[in-house]
Amino acid sequence: MPVRLSWSALKQTHWYEFGVRFLLGGAATVFAGFVSARCGVAVGGLFLALPAIFCASATLIESHERRTKEKAGLSGRRRGQQAAALDAAGAGLGSIGLAAFAATFYALVAASVIEAFAGAILVWATVSVSAWWLRRKLRSTSHAMQTER
């Protein structure tokens, strides 16, 4: 599936769904700040990766896909679950890139914060895109092997 931007998704989203995302993301950030104040920034930083936004997005994706299929007169339950699972796979690949970002930043920050940030962004983009490409390649190879049987 190619990565693309779809403006029509904004029209499909209700105002309260944006509110849910905003509130969960804000609550996760406040919680990370609280943990950071109590336990130090090293521990608090771990909580910044709290997947509150992913949870909200996965449930919204599932409900949008289900509603779309139900409007066509079909049961959209399975389609919604598959769409949420695909989003989870993308989040997992992004997490690999995030770990590479953190490791790169940690390794370079002593020299220069700006250079560490720039290097970490490049590593994050490279690792994330490479992970996506590798998953796609492995999946198509696996699919081709199953077709041959």
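If you read the sequence from its start, that first residue is 1, and numbering goes on from there. Note that the coordinates shown come from a computational prediction; the quantities given were computed from them, not determined experimentally.
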field: Those residues that, when tested against Val129, pass side chain to side chain contact (heavy atoms under 4.5 Å, CB included) (two or more places apart)
entry: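 Checked Val129 against side chain to side chain contact (heavy atoms under 4.5 Å, CB included); zero matches.
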message: Taking the side chain as everything from C-beta on, heavy atoms only, tell me whether Phe34 gets closer than 4.5 Å to Val30.
response: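 SC-SC contact between Phe34 and Val30 ruled out.
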Can you give each donor-acceptor pair under 3.5 Å made by side-chain atoms of residues 117-126, sequence neighbours left out, with the distance rounded to 0.1 Å?
{"from": "Trp124", "atom 1": "NE1", "to": "Ser128", "atom 2": "OG", "distance (Å)": "3.4"}
{"from": "Thr126", "atom 1": "OG1", "to": "Leu122", "atom 2": "O", "distance (Å)": "2.8"}

field: Distance, nearest 0.5 Å, that separates CH2 of Trp132 from NZ of Lys137
entry: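 Trp132 CH2 to Lys137 NZ: 11.0 Å, rounded to 0.5 Å.
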Under 3.5 Å, which donor-acceptor pairs do the side chains of residues 81-104 form with other protein atoms, sequence neighbours left out?
{"from": "Ser95", "atom 1": "OG", "to": "Ala91", "atom 2": "O", "distance (Å)": "2.9"}
{"from": "Thr104", "atom 1": "OG1", "to": "Ala100", "atom 2": "O", "distance (Å)": "2.8"}

